[in-house]
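Worksheet for the structure shown next.
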Amino acid sequence: MPDTAPSPRTTIRRKPDRAHYDPPTIHAIIDATFVCHIAFAAGGSVHCLPTACWRDGEHLYIHGANGSRLIDTLLADECAVCITHLDGLVLARSAFRHSMNYRSVVIHGRFAAVDTEKDKEMAMAAFLEHVSPGRTAQVRPPSPAELAGTRILR
């Protein structure tokens, strides 16, 4: 398991002994969430938006409407994706010593489109199973129109 960051940009500098860079730790944090926050620059401003996410294999997935500012920007430029789980508050006698215990992942990169109908169906099935295990067998598959109206990025 890697014990060093994959790049200088992703190296933890404050309390580096608490950082973990191994895929099982990263996957566990991603798999335990339903929402990520995506930071990106568009229209001369910086934005950070929450959106649903899921992991399948080595890819993080999101989905959105065709033509949305978020989707269009993520296909054109790099972004940062952040997932955080607050595990507890650490309260001390001095407010200055208060802290939080949390697990987080920050991913830098560029999303790619999932374009084939079969790949989109598989990605959406993985999303539904992530959100509600067993639900895929209880609902109808997405229609061609629904798939055409949705962009899936990984």
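- How far CZ of Arg135 is from CG of Leu128: 7.0 Å, rounded to the nearest 0.5 Å.
- In this structure, His20 contributes its side chain and Thr25 its backbone to no donor-acceptor pair below 3.5 Å.
- Rounded to the nearest 0.5 Å, atoms CD1 (Ile26) and CZ (Arg103) are 13.5 Å apart.
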Problem set entry | Test log, rule salt bridge (charged side-chain N to carboxylate O under 4.0 Å, His left out), inputs Arg9 and Glu78 | CA-CA 13 Å; Arg9 176 168 69 169; Glu78 286 197 348; 3.2 Å; yes
For this session: Take Phe40 and Val46, measure what side chain to side chain contact (heavy atoms under 4.5 Å, CB included) needs, and give me the verdict at the end.
Result: CA-CA 6 Å; Phe40 61 98; Val46 176; over 6 Å; no
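- Using a 4.5 Å cut-off on side-chain heavy atoms (C-beta onward), Ile62 and Leu74 make contact.
- Linking Ile, Leu, Val, Met, Phe, Trp and Tyr whenever their side-chain heavy atoms come within less than 4.5 Å leaves Val139 and Leu147 in two separate clusters.
- To the nearest 0.5 angstrom, His108 atom NE2 is 9.0 Å from Cys82 atom SG.
- Of the charged side-chain nitrogens involved, at least one lies within less than 4.0 Å of a carboxylate oxygen, so that Asp115 and Arg151 count as a salt-bridged pair.
- Taking NE2 of His37 as the start and SG of Cys48 as the end, the distance is 5.5 Å to the nearest 0.5 Å.
- Listed for the Arg14 side chain is no donor-acceptor partner under 3.5 Å among the backbone atoms of Ile12.
- Pairing each heavy atom of Pro16 with each of Arg13, the nearest pair is CD-O, 3.5 Å.
- A distance-only check finds a donor-acceptor pair linking the side chain of Glu146 to the backbone of Ser143 [under 3.5 Å].
- Inter-residue side-chain proximity for Tyr61 and Ile152 is flagged as met; some heavy-atom pair is nearer than 4.5 Å.
- Leu60 and Leu75 end up in the same hydrophobic cluster when Ile, Leu, Val, Met, Phe, Trp and Tyr side chains are linked at under 4.5 Å.
- Between Val90 and Asn101 there is a side-chain heavy-atom pair separated by less than 4.5 Å.
- Looking only at side-chain heavy atoms (C-beta outward), Ile83 and Cys53 come within less than 4.5 Å of each other.
- Put simply, OG1 on Thr51 and CG on Leu70 are 6.0 Å apart, with the number rounded to the nearest 0.5 Å.
- Using the six-membered ring where Trp is involved, His63 and Phe127 have ring planes that are tilted, between 30° and 60° apart.
- Looking only at distances, a side-chain donor or acceptor of Arg55 sits under 3.5 Å from a matching main-chain atom of Gly57.
- A heavy-atom distance below 4.5 Å is not found between the side chains of Trp54 and Ile30.
- Classification of Glu121 and Arg140 as a salt-bridged pair fails, no side-chain N sitting under 4.0 Å from a carboxylate O.
- Looking at Leu49 and Arg69, their side chains come closer than 4.5 Å, going by heavy atoms from C-beta outward.
- Screening Lys120, Met122, Met124, His59 against Val114 for a side chain to side chain contact (heavy atoms under 4.5 Å, CB included) leaves a single residue, Lys120.
- The side-chain heavy atoms of Asn66 and Ile71, taken from C-beta on, include no pair separated by under 4.5 Å.
- Looking at heavy atoms from C-beta onward, Thr84 lies out of side-chain contact with Val105 at the 4.5 angstrom threshold.
- Other residues, nucleotides and ligands contribute at most 12 non-hydrogen atoms within 6.0 Å of the CZ atom of Arg93.
- In the displayed structure, Arg97 atom CZ is contacted under 6.0 Å by at most 12 heavy atoms of other residues, nucleotides or ligands.
- No more than 12 heavy atoms of other residues, nucleotides or ligands shown are found within 6.0 angstrom of OH on Tyr102.
- Atoms CD1 and CG, from Ile38 and Leu153 in turn, are 8.0 Å apart once rounded to the nearest 0.5 Å.
- Side-chain N or O atoms of Thr33 include none that pairs as donor or acceptor with a backbone N or O of Ile29 at under 3.5 Å.
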